[in-house]
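Take a look at the structure set out below.
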Amino acid sequence: AQSVTQLDSQVPVFEEAPVELRCNYSSSVSVYLFWYVQYPNQGLQLLLKYLSGSTLVKGINGFEAEFNKSQTSFHLRKPSVHISDTAEYFCAVTLSSASKIIFGSGTRLSIRP
Amino acid sequence: DAGVIQSPRHEVTEMGQEVTLRCKLISGHNSLFWYRQTMMRGLELLIYFNNNVPIDDSGMPEDRFSAKMPNASFSTLKIQPSEPRDSAVYFCASSRGVDGTEAFFGQGTRLTVV
C-alpha cells in the first residue's frame, strides 16, 4: 500500500526567503503525486501535480516541485515567499484513477514579515 | 462550473441527533471522496465511490456513519447517532476518475456536536 510522509508539521520562514516543504512517499508501483494548499477555513486546492515526463513541475503562485524516484521524494519549493502563502500544504499520492488519494499529514507554512 | 458544493457549511447539533451532510459533484466527475479533518488526526479518507459504487469504506469510523450516492451527481454522509467526538470539518471531493486527474474539494462542513 502507498503512503505519504511529511516530516515537518510546521515551517516558519521570513517573507521573501526561499522555502522547501518535504514530502516522501512509499509505493511498490508507479504513482501520481500532488501538492495541495489549504487556506484558512477553505477546502484544498491543487498547486501542482506530477504524472510523468519532466521531473520538475511548475505550479500556481510560483511554486514548483521536483520528483526524485531514487529518493522517493516530491519536495515543494518556492524561491521567495509572500505573506499570502501562509497556509497548510498537503502532499498526496494516488496509484490510478480508481484508487484512493492518500494525503500526508500536512505542513503549516507561516510567513514572518 | 460552480465546483463541488457542500451543505450545510456549518452544523451544530446535540449529541444523539442524526446529522446529514450533502455534496454535489462537479458535472462529469465520476469519483467521489469523503474526508474528515481534525487537528489531532489530520485529513482522513472516510469512503470513496467510483461510478456510484462504494470502492473503499475502510475509513468509516463505525456503523454510526453511512454514505450514499443516490445518483451520479449527489452524495450524502449521515451520522446517526452523533457524538461529540464526531466534531470535525468534513470535506467532499470529486474527480473525473481518469489517470492522473486531481480531486476538486468543496468548502467543507464544520460539524460541532455538543
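It should be emphasised that the depicted structure is a prediction, and the values quoted were computed from it without experimental measurement. All values below come from the heavy atoms of this structure, side chains included, with hydrogens, waters and symmetry mates left out.
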Under 4.5 Å from a heavy atom of chain A, the part of B:E44 involved:
neither
Below 4.5 Å from any heavy atom of chain B, which atoms of A:F90 appear? Answer side chain, backbone, both or neither.
side chain
Report yes or no: do A:S105 and A:Q6 form a side-chain donor-acceptor pair below 3.5 Å?
no
By a 4.5 Å heavy-atom criterion (distance strictly below it), what part of B:R41 contacts chain A: side chain, backbone, both, or neither?
neither
With respect to chain B, which residue among A:L51, A:L44, A:L33 yields the maximal number of heavy-atom pairs within a distance under 4.5 Å?
A:L44
Does the plane of the ring in A:F103 sit parallel, tilted or perpendicular to the ring in B:Y35? Use 30° and 60° as the thresholds.
perpendicular
Keeping the roles fixed (side chain from B:N71, backbone from B:F74), state whether a donor-acceptor pair exists under 3.5 Å.
yes
Distance-only polar pair, side chains of A:S26 and A:N24, donor-acceptor under 3.5 Å:
no
Run the salt bridge (Lys or Arg N to Asp or Glu O under 4.0 Å) test against A:E16 and tell me which residues pass, sequence neighbours left out.
none
Are B:N50 and B:S31 linked by a side-chain donor-acceptor pair shorter than 3.5 Å?
yes
Heavy atom to heavy atom, less than 4.5 Å: which residues from residues 104-114 of chain B reach chain A?
B:F105, B:G106, B:Q107, B:R110
Spell out, as yes or no, whether a donor-acceptor pair under 3.5 Å connects the side chain of A:Y36 to the backbone of B:A103.
yes
